[in-house]
Amino acid sequence: VQLQASGGGLVQAGGSLRLSCAASGRTFGNYAMGWFRLAPGKEREFIAVINWSGDSTKYADSEKGRFTISRGNAKNTVYLQMNSLKPEDTAVYYCAAGRYLSAVRELYDIWGQGTLVTVSS
């Protein structure tokens, strides 16, 4: 059971990145998949989550409008499109799988290894 996040990198402020998270090793039946981030000196922060079917989402208020979460047709891949990036978006971004459409990180059962996003000013 693995979640593999990718797509991080260095981008200038105002730019865009799309993160991907691929699940492998099992069938993620009815699992929601979410994105969190961890910035230096801060706690792990919820960004967005999408349900299994891809028709329901939840976002952190701070990212609503700039970030979009989506799910691939195969259901085992989730994306995070990030636009209008700011230096304060710099963090390690993690994907996670859980049973609920929740912003609570403790409710997520499986975590990926993270991908670093650096936004320069």
Side-chain angles (χ1 to χ4, degrees):
V1 178
Q2 285 188 324
L3 297 180
Q4 181 72 40
S6 61
L10 175 64
V11 63
Q12 288 189 330
S16 298
L17 278 177
R18 189 175 84 151
L19 305 183
S20 300
C21 177
S24 62
R26 66 181 291 176
T27 300
F28 278 79
N30 294 321
Y31 267 85
M33 292 182 74
W35 286 97
F36 290 76
R37 66 185 179 189
L38 181 62
K42 296 186 178 181
E43 293 188 353
R44 193 168 298 198
E45 176 188 21
F46 168 76
I47 300 171
V49 59
I50 189 167
N51 68 343
W52 168 253
S53 60
D55 59 3
S56 185
T57 58
K58 177 180 290 189
Y59 291 90
D61 288 342
S62 58
E63 314 313 332
K64 206 174 288 185
R66 293 195 303 130
F67 293 2
T68 303
I69 191 170
S70 61
R71 198 149 191 164
N73 290 335
K75 305 301 184 189
N76 279 8
T77 303
V78 66
Y79 305 99
L80 184 69
Q81 177 67 42
M82 305 188 294
N83 299 327
S84 302
L85 284 163
K86 306 172 184 178
E88 50 263 45
D89 293 318
T90 295
V92 177
Y93 284 69
Y94 297 88
C95 58
R99 292 290 185 181
Y100 306 100
L101 197 75
S102 175
V104 179
R105 63 179 184 264
E106 289 80 7
L107 294 180
Y108 286 80
D109 303 314
I110 304 164
W111 290 82
Q113 87 292 355
T115 185
L116 176 63
V117 172
T118 303
V119 184
S120 63
S121 57

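Any value given below was found using the heavy atoms of this structure, including those in side chains, with hydrogens, waters and symmetry copies removed.
Distance alone, capped at 3.5 Å, places no donor-acceptor pair between the Arg71 side chain and the Gly54 backbone. Tyr108 places a side-chain N or O within donor-acceptor distance of the main-chain N or O of Ser102, the cut-off being under 3.5 Å.
In this structure, Tyr93 has no ring pair (Phe, Tyr, Trp, His ring centres under 6.0 Å) partners at least two apart in sequence or on a different chain.
Across all their heavy atoms, Leu17 and Val11 have their closest contact at CD1-CG1, 4.1 Å. Here the shortest heavy-atom pairing between Tyr59 and Thr68 reads OH-CA, 3.3 Å. Annotation for Leu101 and Ser56: closest pair CD2-OG, 3.3 Å, computed over non-hydrogen atoms. The two residues Leu3 and Ala23 come nearest to each other via the heavy atoms CD2-CB, 3.4 Å.
To the nearest 0.5 angstrom, Glu63 atom CD is 4.0 Å from Arg37 atom CZ. Distance check, rounded to the nearest 0.5 Å: CD of Gln81 to CZ of Arg18 gives 7.0 Å. The line from CZ of Arg105 to CD of Glu43 is 5.0 Å long, rounded to the nearest 0.5 Å.
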Given Trp111 and Arg44, is the side-chain contact (heavy atoms from CB on, under 4.5 Å) satisfied, shown in steps?
CA-CA 12 Å; Trp111 290 82; Arg44 193 168 298 198; 3.2 Å; yes
Check the pair Gln4, Gln113 against side-chain contact (heavy atoms from CB on, under 4.5 Å), reporting the backbone distance first and the verdict last.
CA-CA 7 Å; Gln4 181 72 40; Gln113 87 292 355; 3.1 Å; yes
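Both Ile69 and Ile110 are members of a single hydrophobic cluster when ILVMFWY side chains are connected at heavy-atom separations under 4.5 Å. Hydrophobic cluster membership differs between Tyr79 and Val117, with clusters built from Ile, Leu, Val, Met, Phe, Trp and Tyr side chains linked at under 4.5 angstrom. One hydrophobic cluster holds both Trp35 and Met33 under the rule that ILVMFWY side chains link at heavy-atom gaps under 4.5 Å. Taking hydrophobic clusters as Ile, Leu, Val, Met, Phe, Trp and Tyr residues chained together by side-chain heavy-atom distances below 4.5 Å, Leu116 shares a cluster with Leu38. Under a hydrophobic clustering in which Ile, Leu, Val, Met, Phe, Trp and Tyr are joined whenever their side-chain heavy atoms come within less than 4.5 Å, directly or via other members, Ile47 and Phe36 fall into different clusters.
Side-chain contact between Asp109 and Tyr31 is present, with heavy atoms from C-beta onward closer than 4.5 Å.
Gln12 CD: 12 or fewer foreign heavy atoms inside a 6.0 Å radius.
Each of Asp89, Leu19, Asn83 was scored for a side-chain contact (heavy atoms from CB on, under 4.5 Å) with Phe67, with one residue passing: Asp89.
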